[in-house]
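The sequence lines fix the lettering, A, B, ..., with proteins before strands; numbering per chain opens at 1. Treat the numbers as computed from the prediction; the structure is a model and nothing was measured.
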2 protein chains.
Amino acid sequence: MATPSNKNLRTEVRSAAFEQVREAHQTETAEDYVEMIADLIAEKGEARVVDLASAFGVTHATVNKTIARLNKEGFVTNEKYRSLFLTPKGQKMAEACKSRHEIVVGFLKSIGVSARTAELDAEGVEHHISPETLKAFAAFAKKKK
Amino acid sequence: MATPSNKNLRTEVRSAAFEQVREAHQTETAEDYVEMIADLIAEKGEARVVDLASAFGVTHATVNKTIARLNKEGFVTNEKYRSLFLTPKGQKMAEACKSRHEIVVGFLKSIGVSARTAELDAEGVEHHISPETLKAFAAFAKKKK
DNA sequence: AACCAATTGTAGCCTTGGCTAAGTTTTTTG
DNA sequence: CAAAAAACTTAGCCAAGGCTACAATTGGTT
């Protein structure tokens with residue numbers, strides 16, 4: 001299949017695409033939480049359950065359950081009734097996410113999307129951007145500037 | 001707050017963004033299924049459970065459960081052991097999704113992303129694109145052509 | 001017509017990520 | 001410093017979307 005038609009390409013790639021989406025969904029929450037924890041520590045000196053709940057718009061019970069999972073998976077450390085910290089693994093992930101987020105927001109603005117919408121859409125879009133596309137975004141936004 | 005700083009904007013918009021993502025996740029499956037059913041009917045004359053399972057890379061049991069939900073929600077009609085059909089509501093949704101999908105793929109290609117990656121990423125990205133951003137994508141791809 | 005393979009359906013399990021409600025611990029404040 | 005408020009934990013519920021295993025139906029072949 002040296003030069004597949006668009007239709008064949010689409011068919012061929014289909015199930016891989018859906019699998020990629022399912023994988024992204026599994027890391028999405030972890031990414032959002034570590035990034036938010038890093039932001040909160042940077043902005044306010046500490047990250048508390050109540051801050052995360054308010055930032056995500058969910059209840060503190062939900063935050064608690066998620067934190068337990070992130071702890072188990074080695075992204076977060078926490079002592080009972082105390083504020084949250086990132087492990088080195090969590091910090092690394094947070095940095096990558098922050099950078100990716102900024103690239104996506106900057107790119108959307110550079111093609112004329114409003115700042116508000118850029119923020120809103122970036123939050124959903126960023127988890128589904130491959131390295132190749134991210135590179136294209138960064139290159140375009142840079143050229144545009 | 002007439003001219004909010006970037007930081008304030010981000011904070012202000014945050015929880016709305018996450019809520020938007022959660023909403024998108026709730027419609028995502030419905031959108032993928034109706035679009036796939038429409039494609040299958042167009043390509044092969046009918047849409048069967050087994051085709052959907054293979055296209056999405058999941059088991060037929062999973063497809064079955066999802067179809068039951070889509071039926072309950074009025075997107076799909078099905079008789080036992082027969083192929084699947086879209087309701088008018090489902091057809092309308094399928095058309096909107098197909099169009100949006102094509103815009104996203106075309107746009108990604110227009111900024112230099114390979115056809116394969118464009119397809120892969122579009123599948124995840126398309127559910128998180130607001131009308132404003134979609135418009136910007138379409139305008140850019142058109143200008144580029 | 002009967003059998004076999006493929007397809008479809010059903011039951012039951014798991015994880016994630018929501019929620020409410022009730023109980024603890026910490027912190028603030030009168 | 002004791003009481004009230006705030007923050008946190010825990011338990012238990014729900015729906016979605018995965019899965020395996022088994023049951024039922026359909027459709028082709030012989």
Side-chain angles (χ1 to χ4, degrees), chain A residues 15-37 40-41 44-85 123-124 127, chain B residues 15-37 40 44-85 123-124 127-128:
Chain A
S15 69
F18 289 108
E19 200 190 322
Q20 183 173 293
V21 173
R22 287 194 297 271
E23 273 166 28
H25 282 170
Q26 294 225 314
T27 54
E28 222 172 291
T29 306
E31 291 179 348
D32 287 340
Y33 271 67
V34 297
E35 192 183 346
M36 190 65 79
I37 291 169
L40 286 167
I41 290 174
K44 321 180 35 170
E46 64 172 1
R48 314 254 5 171
V49 170
V50 78
D51 301 323
L52 289 170
S54 139
F56 289 128
V58 300
T59 64
H60 58 276
T62 298
V63 170
N64 232 269
K65 206 188 264 193
T66 305
I67 293 297
R69 180 165 76 84
L70 297 185
N71 185 314
K72 198 176 66 184
E73 289 171 1
F75 293 108
V76 165
T77 60
N78 61 323
E79 286 177 65
K80 272 195 166 190
Y81 300 100
R82 303 285 153 169
S83 64
L84 308 165
F85 297 93
E123 207 57 70
H127 302 288
Chain B
S15 69
F18 289 108
E19 199 190 322
Q20 183 172 294
V21 173
R22 287 194 297 272
E23 273 166 27
H25 281 170
Q26 294 225 312
T27 54
E28 223 172 291
T29 306
E31 291 179 348
D32 288 340
Y33 271 67
V34 297
E35 191 182 347
M36 189 64 79
I37 291 169
L40 286 166
K44 320 180 35 169
E46 64 172 2
R48 314 255 6 173
V49 170
V50 78
D51 300 322
L52 289 170
S54 138
F56 290 127
V58 300
T59 63
H60 68 275
T62 298
V63 171
N64 233 270
K65 204 186 267 191
T66 305
I67 293 298
R69 179 166 76 84
L70 297 184
N71 185 313
K72 199 176 64 183
E73 290 171 0
F75 293 107
V76 165
T77 60
N78 62 323
E79 287 176 62
K80 272 196 167 189
Y81 300 100
R82 303 286 154 167
S83 65
L84 308 165
F85 296 94
E123 207 58 69
H127 303 287
H128 300 278

Would you tell me if any nitrogen or oxygen in the side chain of B/Arg82 comes within less than 4.0 Å of OP1 or OP2 on D/dG27?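 Yes, within the criterion.
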
Taking only side-chain nitrogens and oxygens of A/Arg22, does any of them come within less than 4.0 Å of OP1 or OP2 of D/dG17?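 No, A/Arg22 has no side-chain N/O under 4.0 Å of OP1/OP2 on D/dG17.
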
Of the nucleotides [options], which one has an atom closest to the side chain of [X]?
| X | options | result |
| --- | --- | --- |
| A/Arg69 | C/dT16, C/dC19, C/dA11 | C/dT16 |
| A/Thr59 | C/dT10, D/dT26, C/dC19 | C/dC19 |
| B/Val58 | C/dG18, C/dT8, D/dC19 | D/dC19 |
| A/Ala61 | C/dG18, D/dA16, C/dA21 | C/dA21 |

Is there a side-chain contact between B/Thr77 and B/Leu84 (heavy atoms, below 4.5 Å)?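 Of all side-chain heavy-atom pairs linking B/Leu84 with B/Thr77, none is under 4.5 Å.
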
Min side-chain heavy-atom separation A/Ile67-A/Ile37 under 4.5 Å: yes

Whole angstroms only, please: what is the [atom1]-[atom2] distance between [X] and [N]?
| X | N | atom1 | atom2 | answer |
| --- | --- | --- | --- | --- |
| A/Glu23 | C/dT16 | CD | P | 15 Å |
| B/Lys65 | C/dT8 | NZ | C1' | 16 Å |
| B/Asn64 | C/dA6 | CG | P | 19 Å |
| A/Glu79 | C/dT25 | CD | P | 15 Å |
| B/Glu19 | C/dG17 | CD | P | 17 Å |
| A/Lys80 | C/dT26 | NZ | P | 10 Å |
| B/Ile67 | C/dG9 | CD1 | C1' | 13 Å |
| B/Asn78 | C/dT10 | CG | P | 10 Å |

Regarding A/Thr29, tell me which of base, sugar-phosphate or nothing describes its non-hydrogen contacts under 4.0 Å with the strands shown. sugar-phosphate

Which is it for B/Asp32 and A/Phe18 under the side chain to side chain contact (heavy atoms under 4.5 Å, CB included) test, yes or no, and what are the steps along the way? CA-CA 9 Å; B/Asp32 288 340; A/Phe18 289 108; 3.6 Å; yes

Under 3.5 Å, is there a donor-acceptor pair linking the side chains of A/Glu28 and B/His25?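 Yes, B/His25 and A/Glu28 have a side-chain donor paired with an acceptor closer than 3.5 Å.
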
Taking the nucleotide of DNA chain C with the closest heavy atom to each, which residue, A/His60 or A/Tyr33, is nearer the 5' end?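 Here A/Tyr33 is the residue nearer the 5' end.
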
Of A/Tyr81 and A/Lys72, the one whose closest nucleotide on DNA chain C sits nearer the 5' end is A/Lys72

Judged by each residue's nearest nucleotide on DNA chain D, which is more toward the 5′ side, B/Thr66 or A/Asp51?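 Counting from the 5' end, the first nearest nucleotide belongs to A/Asp51.
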
Taking every heavy atom of A/Met36 against every heavy atom of A/Ala55, the minimum-distance pair comes out as CE-CB, 3.6 Å

